[in-house]
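Below is one structure, written out as structure tokens; comments come after it.
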Amino acid sequence: MTSQLVRKLGSASRFPSDHPWITRAGSFKNSQELEEEERFAFLIRKCPNMRVLRQLHAHILTRPLPLSTFSFALSKITVFCALSPLGNIDYARLVFAQISRPSIFSWNSLIKGCSKIQNPSKEPIALFQKLTETGYPVPNSFTMAFVLKACAIVTAFEEGLQVHSRVLKDGFGSSSFVQTSLVNFYGKCEEIGLATKVFDEMPDRNLVAWTAMISGHVRVGAVDEAMGLFREMQKAGVEPDAVTLVSVVSACAAAGALDIGSWVHAYIEKHSVLTDLELGTALVDMYAKCGCIERAKQVFVHMPVRDTRAWSSMIMGFAYHGLSEDAIGVFRQMLEAEVMPDRVTFIGILSACAHGGIVSEGLRFWSLMLECGIEPSVEHYGCIVDLLCRTGLVEEAYRIVTTTNIPSNPATWRSLLKGCKKKKLSNLGEIVARYLLQLEPLNAENYIVISNLYSSVSQWEKMSELRKEMKENDVKPIPGCSSIEVDGVVHEFEMGDQSHPEVKILREFMEEMAKRVWDSGYRPSVSDVLHKVMYEEKEGALGEHSERFAIAYGLLKTRAPVVIRVVKNLRVCGDCHEVIKIISKIYEREIIVRDRVRFHKFVEGTCSCKDYW
DNA sequence: CTAGGGTTAG
């Protein structure tokens, strides 16, 4: 049987002729036994599939073997089944159970093996607990690293803390692998303070530890700190690799830092860092989120291999740039390339259709999604409701929301309300508004949309009532936000922002700007007037909207075209475009607006102020 | 056998 297998595996994998095991120190096994063990190890390692492995397993079970050889072979089978991509974790568990006293090696493999399956559970943690209870074999630093990784995957904070205390008790605190695992674990649990503490105490910070720190900070949105760590890392003479750069690029995406993002891209090319799937996807996402859809596309088309996530990020990019046709085109190419769309892909393509108001196509994608066996979730329903509302099919959308068994979602109801406003359906709007305010009474955006609805049907009394209600509930809108990058520094401005160091010069400049715009004959439209009524802004002033701060800063500080990013949906804000056009003309400067409608996420219960203009 | 990575509606 064994020789048959050797033959089957072909001449390329001939059994090695050197015999290092004969000289292995401290072994009580005779060379014949050792030879047999090595033979098994070799065969198992070279197994082409599970079928052959099962045959080998059967062979081992039926042949009389010394106990030590038997256990050795079974532990090798456990390792193969648990860790090889060809393996099978269920089989690994089975074989593991057949070993009377599994070595720490087998335990480790099983712990690692069952944390890398697609639906990870706390099983590896339970295994570790069982291991520590029995007291044999003694865990080693590998065990600690694996179980910490398992805790990180399922963000089992309490369990991880206990492992950390064991690490210290058992003296594994000085292992750099264990330290790095701890940094990563705390980072995954969003416990940045604890991650930093472990990291600061590391005498030798390796690349992986730096990367874990950076990705941890990006995870909690501490983008500046992430970039600071990246700089510190380079100062410490540690060269980033592709994995590090994925986190750095993600940080740029989250910050909308196009300059730094482009610099990182240039770094990647200059240092010939291999742009794999993850890095490619991160770059596509970064360029799209920084408003540079052309470069996102450029990176995307140059990717040699694209998986579902790569395609999805490109589709999402087109979607939030309002380029529905491109999104649909890319989606078609994806299907042609026989890459399976997943639930995220459909969120992208449906939101693209919603942005473009392409109903028929959107509904077709919806059916396709069902055909693909994807259960529609809140997000998908949100897209389809938004699609119907934007194209005026509000009643149909309302029917879906009220008859489908999906959880009530403020955003979906807000889409309905916007649809009602658009079609001036005050009766349905009233019902929707009441429900929405019940669902989310502290979100200023809700009041603004409802107020817009009342004003569109001239129900002024209801509008002032609403204003009172808003005041009583002490609801204040979170201001819009715009940013501009000057010499690699991103300057963020909130509406009415006072915190910028040069705010005095800026304000003077803006007053002049407002005056010149006013003199040009521009007058605010209904929504600006509404804004004044609600927030008692000074008569005659243009309003210190965030993008005007950013433009003013750009005009003052650069000679290059002023590129600003706005956290608003410009497609519904005609006034913004108009003001910017006028400013551009007056100052004879090119002003480029990057629409960053989705780039900043506001916490629930706040307002993105889209209808604030 | 150690540790770090990408896409998610409005």
If you look at every strand shown and take non-hydrogen atoms under 4.0 Å, does A:Ala310 touch a base, only sugar-phosphate, or nothing?
->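 Since a base atom lies under 4.0 Å of A:Ala310, the category is base.
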Could you please name the option among B:dG5, B:dG6, B:dA3 that lies closest to any side-chain atom of A:Asn206?
->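 Among B:dG5, B:dG6, B:dA3, the one nearest the side chain of A:Asn206 is B:dA3.
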Expressed in angstrom and rounded to an integer, what is the separation of [X] atom [atom1] from [N] atom [atom2]?
X: A:Met202; N: B:dA3; atom1: CE; atom2: P; value: 14 Å
X: A:Glu278; N: B:dG4; atom1: CD; atom2: C1'; value: 12 Å
X: A:His380; N: B:dA9; atom1: NE2; atom2: P; value: 10 Å
X: A:Leu350; N: B:dG10; atom1: CG; atom2: C1'; value: 13 Å
X: A:Ile406; N: B:dG10; atom1: CD1; atom2: P; value: 15 Å

Any chance the rings of A:Phe72 and A:Phe105 have centres within less than 6.0 Å?
->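 No, the ring of A:Phe72 stays outside the 6.0 Å limit from the ring of A:Phe105, centre to centre.
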Any side-chain donor-acceptor pair under 3.5 Å between A:Arg343 and A:Ser377?
->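 There is such a pair (donor and acceptor under 3.5 Å, judged by atom type) between the side chains of A:Arg343 and A:Ser377.
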Is there ring stacking between A:Phe142 and B:dC1, where the centres must be under 5.5 angstrom apart and the planes under 30 degrees?
->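 The ring of A:Phe142 is stacked on B:dC1.
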Side-chain N,O ([X]) to OP1/OP2 ([N]) below 4.0 Å:
X: A:His355; N: B:dA9; value: no
X: A:Lys289; N: B:dT8; value: yes
X: A:Lys112; N: B:dA3; value: yes
X: A:Arg219; N: B:dG5; value: yes

On the side chain of [X], is there an atom forming a donor-acceptor pair with the base of [N] - under 3.5 Å, no angle test?
X: A:Thr244; N: B:dG4; result: yes
X: A:Asp307; N: B:dG6; result: yes
X: A:Asp276; N: B:dG6; result: no

Contact list for residues 243-253 of chain A, test side-chain hydrogen bond (donor to acceptor under 3.5 Å, both in side chains), sequence neighbours left out |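 Qualifying pairs, neighbours excluded: A:Thr211-A:Thr244, A:Asp241-A:Thr244.
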Among pairs that include at least one residue of residues 175-189 of chain A, which meet side-chain hydrogen bond (donor to acceptor under 3.5 Å, both in side chains), considering only residues two or more places apart or in two chains?
->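 Sorted result for residues 175-189 of chain A: A:His164-A:Tyr186.
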Counting N and O atoms only, with roles assigned by atom type, does the side chain of A:Lys422 sit under 3.5 Å from a partner on the main chain of A:Arg390, one being a donor and the other an acceptor?
->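 Yes, A:Lys422 side chain to A:Arg390 backbone: donor-acceptor pair under 3.5 Å.
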